[in-house]
J.: 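One structure coming up, written as structure tokens, with questions to follow.
In what follows, chains are A, B, ... by sequence order, proteins preceding strands, each numbered from 1.
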Amino acid sequence: MTKETLDEGRTDTLLEMEKIVAEKDAALADIQKQFDALKDAAKQIAADFDNFRKRTEAERTKEGERAAKNLLLRLLPLCDHFSLCLEHTAHHDEFVKAVSLLYSQLVTIMEDAGVRQISALRQSFDPRLHEALMYVPSEKEDNIVVEELQKGYLLNDIVLRASKVKVTRKVEG
Amino acid sequence: MAKVIGIDLGTTFSAVAFMEGGKPVIIPNAEGERTTPSVVFIKGDERVVGRLARNQAIVYPENTVRSIKRHMGEDFKVSLDSNDYTPQEISAMILQKLKTDAEAFLNEKVTEAVVTVPAYFTDAQRQATKDAGKIAGLNVLRIINEPTAAALAYGLDKGKDHTILVFDFGGGTFDVSVLELGDGVFEVKATAGNNHLGGDDIDDRLIDWMTNEFKKQYRIDLREDKVALQRLKEAAEKAKIELSSKTSTSINLPYITADKTGPKHLTAELTRAAFESIVADILEKLKDPTLQSLKDAGLSSNQIDKVIFVGGSTRIPAVQRIVKDVVGKEGEKSVNPDEAVALGAAIQGGILKGDVKDLLLLDVTPLSLGIETLGGVFTRIIERNTTIPTKKTQVFSTAADNQTAVTIHVLQGERPMAGDNKTMGRFDLLGIPPAPRGIPQIEVMFDIDANGIVHVSAKDLGTSKQQKITITSSTNLTEQEIEAMRKEASANEQEDKKRKEDADLLNHADTIVYSLDKALADFEGKVDKQKLETLRQKGDDLRKMIAAKDYGAIKTKTDELQKLLSEAGTELYQQANKTEGQQDQTKGSDTMDAKYKMDGA
């Protein structure tokens, strides 16, 4: 091989390599462009999500206030009636009648709001609904609620407050 | 990508959180609660964890275990239902419950977690915790210190190096830790505390106080009555919570008991001061460990840069005061103290999973942005704390008839009047076709890009003519300047509110005068002359008042005029009905409703 052909060969390789580099550069620039575009889009979505979350939180607070307001509006008459009740304590029988009326009024309001009493007495003890405060040994039955110490309530399907109960525990006789 | 959960495996309560869109979120359990009692019940094949286990603990004490965390890493076995369990196994049941509830909430399988432990846990205790995770089917990516997690929840891993005191006072334990942040890594410099001191002791003390008071008065011991005791427990907790925000509370427990003489009620007033003296010795016990932690860290109180609160009992103002007395700094309490540790564990999980957050560092606008509108009012377009990039548009109109140009005065700040805020830029939109005020529609758009550069444009929707401005200086304000502006806004809140109301009043009066002028032309010949004259007279009066800015009189006069106008309007329509067939339309009400806010150019 002469010197000329060697140089020629080198130039060819060099040109070839330069071409490859230029192609890679162009491809890289393209990828960079796509990357920047995707990054911008991701940022936009992330910011939108963040603002959405902030707005949702603010709306939830407002929603909570509205719900409380609606319930409180229904409680106000009860408050009025209680104060009337206290102005007329002289007649005992009437007073008792009024208090029992007020109680049923309150129960109605709670029922309308989705509150239900948990039944406990003589039921099988269910830790999802009942909280045992004490137990009595029994030779006959196990895990039965024999006394309801405090009433429990459900709000729709959620336990608002478990019933506080006394249950039996079977002992071998 | 599978989600990593962060778990605060606590002595009395546990909690779990995950990362959603770069922020940690608590996962509620199957019972709908945000924390789960660390109580386990085992009977035969039945394993119950949480509230359900606690609810039956009294009946089956030999099947129930609580506070297993106190035995982690010990050579200890708990015997339940004639089987022996290691603390790892019991802890695994709690972790399993948290995992299952998280899976139900996220609707996907969870296999990886970050679990927290107290800073003083030894290697053996940490290993035991890790093993518990394994038994529960969780790959514990990392065990991190509870105070470190809390610091992460407060975002204290960012920014310059500093020293933090974490004050953790929960239901049953008290821990103080001193952390040092260097190169983004927390190092625990010292820990101190009391393993058997917590909010429950405070409740017990309150119950003692109530029963003692009752006994003094009626010679009846309520402690012997389980039902009464339960009610007292609830009342104690309620009183404690109320006294965190109020200075006194009433305890009312009607028909708490009865004797031969009849039913008895428990009624008592408890002031915050009295409450603090009842629990004084408990509060006193918080001081020494706090001082000890500083001493062990080799720091004086003025070397502590930040104090953060963890644990529900830190909500008690007296507890916060003690920390302030000892450390000389107000504690931070912006994160829910019951949830901070779990939230921080979730953040750590995000970091370990290479959360893309760093790539997408999102910023917020530190101050509100908006424009000046009629009467020098600042109308916000983008509220402060909005995450950027963001875009918002609002449509405005002209303030005067045949107004052909508007000036868009761009401002930032929190004060309701434009003059009190900082001008960012100003430009004119010209060439609006002549039209009555309120008719042209000018759409103003604020677009803040990811670099915080604000682009504001105004476009006349009628002609599509547009003008815009780009403001790059919005980020030039230093943090101190921003803080100063916010403080100024809250300091002037009352006064600013009044000024804004005055400006609104003036704008409203101006609208009424404007519609009066329009209406008078329509009313001519159709409404009683004398009435028209009165209207004209009253309008002139109001105009004078507006010029003199006599706010008190403007209000009454505006209302009066509005009433008269509407009466005249009614009369006009009645007339029109009488002379049916004649075309007799009026545009009066249209102009009344038009909203024009834009400041005239």
Side-chain angles (χ1 to χ4, degrees), chain A residues 35-36 38-58 99 118 120 124-138 142-152 154-171, chain B residues 20-23 25 28 30-33 37 39 41 43 46 48-64 225-231 233-234 253-254 355-357 359-365 382-392 447-452:
Chain A
F35 172 79
D36 288 345
L38 281 174
K39 196 172 153 184
D40 280 352
K43 270 192 179 175
Q44 185 68 57
I45 291 169
D48 284 352
F49 177 72
D50 214 36
N51 288 326
F52 170 74
R53 173 163 46 203
K54 283 174 193 162
R55 205 173 57 237
T56 312
E57 261 165 39
V99 170
I118 294 172
S124 261
F125 172 69
D126 180 348
R128 286 172 302 160
L129 305 174
H130 312 137
E131 183 185 339
L133 287 193
M134 53 180 117
Y135 74 91
V136 277
S138 161
D142 194 25
N143 234 18
I144 298 293
V145 175
V146 286
E147 196 180 336
E148 190 181 47
L149 305 165
Q150 190 182 52
K151 282 193 172 81
L154 291 170
L155 173 59
N156 300 318
D157 294 331
I158 306 162
V159 176
L160 207 54
R161 185 178 74 186
S163 320
K164 307 282 184 331
V165 297
K166 184 199 257 183
V167 296
T168 56
R169 196 182 156 167
K170 200 167 181 179
V171 286
Chain B
E20 187 178 48
K23 291 252 163 67
V25 177
E31 293 78 52
E33 288 148 7
V39 183
F41 169 89
K43 196 178 174 198
E46 197 189 351
V48 182
V49 178
R51 183 160 56 80
L52 273 55
R54 206 181 52 184
N55 281 355
Q56 47 196 327
I58 295 261
V59 194
Y60 305 101
E62 73 281 16
N63 296 84
T64 311
D225 181 345
K226 281 251 176 178
V227 181
L229 201 57
Q230 180 61 31
R231 289 177 69 188
K233 222 173 182 171
E234 279 172 17
L253 296 168
D355 210 323
V356 286
K357 216 175 130 210
L359 188 67
L360 298 176
L361 255 187
L362 292 175
D363 227 333
V364 296
T365 51
I382 293 182
E383 292 284 335
R384 99 183 168 88
N385 239 348
T386 301
T387 307
I388 57 173
T390 191
K391 206 187 279 183
K392 250 193 185 154
D447 181 354
I448 312 182
D449 68 19
N451 302 313

J.: Do A/Lys54 and B/Thr386 touch side chain to side chain, with heavy atoms closer than 4.5 Å?
T.: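 No, too far: nothing below the 4.5 Å cut-off.
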J.: Between B/Glu20 and chain A, which part of the residue has a heavy atom less than 4.5 Å away: side chain, backbone, both or neither?
T.: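 Contact with chain A involves both backbone and side-chain atoms of B/Glu20.
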J.: Using a strict cut-off of less than 4.0 Å between a Lys/Arg side-chain nitrogen and an Asp/Glu carboxylate oxygen, indicate whether B/Lys226 and A/Glu147 qualify as a salt bridge.
T.: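 The answer is no: the pair does not qualify as a salt bridge.
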J.: Restricting to non-hydrogen atoms, name the atom on B/Pro389 and the atom on A/Ala47 that form the minimum distance, rounded to 0.1 Å.
T.: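 Residues B/Pro389 and A/Ala47, closest heavy atoms: O-CB, 3.3 Å.
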J.: Measure B/Val48 against the heavy atoms of chain A and call it side chain, backbone, both or neither at under 4.5 Å.
T.: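 Contact with chain A involves no heavy atom of B/Val48 at all.
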J.: If I measure from the heavy atoms of chain A, does B/Glu33 come under 4.5 Å with its side chain, its backbone, both, or neither?
T.: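 Looking at B/Glu33, nothing touches chain A.
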J.: Less than 4.5 Å apart, any side-chain heavy atom of B/Glu234 and any of A/Lys164?
T.: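 B/Glu234 reaches A/Lys164 side chain to side chain.
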J.: Checking heavy atoms, do the side chain of A/Arg128, its backbone, both or neither come under 4.5 Å from chain B?
T.: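 Interface part for A/Arg128: both.
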J.: When only pairs under 4.5 Å are counted, which of B/Val227, B/Thr390, B/Leu229 shares the most heavy-atom pairs with chain A?
T.: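 The option with the most such pairs is B/Val227.
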J.: Taking the side chain from A/Asn51 and the backbone from B/Thr387, do they hold a donor-acceptor pair closer than 3.5 Å?
T.: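 At least one qualifying donor-acceptor pair exists.
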J.: Is A/Arg53 close to chain B through its backbone or its side chain, or both, or neither, when contacts mean heavy atoms under 4.5 Å?
T.: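 The answer is the side chain of A/Arg53.
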J.: Heavy-atom distance under 4.5 Å to chain A: side chain of B/Tyr60, backbone, both or neither?
T.: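 Both the backbone and the side chain of B/Tyr60 come within 4.5 Å of chain A.
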J.: What residue among B/Arg54, B/Gln56, B/Arg51 forms side-chain contact (heavy atoms from CB on, under 4.5 Å) with A/Pro127?
T.: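 Only one option passes, and that is B/Gln56.
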J.: How about A/Asp157: does its CG atom have over 12 heavy atoms from other parts shown lying under 6.0 Å from it?
T.: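 Not buried by this count: 12 neighbours or fewer within 6.0 Å.
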J.: Roughly how far, to the nearest 0.5 Å, is the CD atom of B/Glu31 from the CD1 atom of A/Ile158?
T.: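 Result: 11.5 Å between the selected atoms.
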J.: Looking only at non-hydrogen atoms, find the nearest pair between B/Ala450 and A/Lys43 and report the distance.
T.: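 That closest heavy-atom pairing would be CB-CD, 3.7 Å.
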J.: Rounded to the nearest 0.5 Å, what separates atom CG in B/Leu52 from atom CD in A/Glu131?
T.: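 Result: 11.0 Å between the selected atoms.
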J.: Which atom pair, heavy atoms only, marks the closest approach of A/Leu133 to B/Ile58?
T.: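 Where A/Leu133 meets B/Ile58 most closely, the heavy atoms are O-CG2, 3.5 Å.
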J.: Taking only residues two or more places apart in sequence or in another chain, which ones pass side chain to side chain donor-acceptor pair (under 3.5 Å) with B/Asn385?
T.: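 If we apply the side chain to side chain donor-acceptor pair (under 3.5 Å) test to B/Asn385, skipping adjacent residues, there are no hits.
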J.: Mind listing the closest non-hydrogen atom pair of A/Ala162 and B/Asn55 along with its distance?
T.: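 In terms of heavy atoms, the two residues are closest at CB-ND2, 4.3 Å.
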J.: Applying side-chain contact (heavy atoms from CB on, under 4.5 Å) between B/Val59 and each of A/Met134, A/Arg169, A/Lys166, report the one that passes.
T.: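 That would be A/Arg169.
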J.: Tell me, for A/Gln150 versus chain B, whether the close heavy atoms (under 4.5 Å) come from the side chain, the backbone, both or neither.
T.: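 When you check distances to chain B, only side chain atoms of A/Gln150 fall under 4.5 Å.
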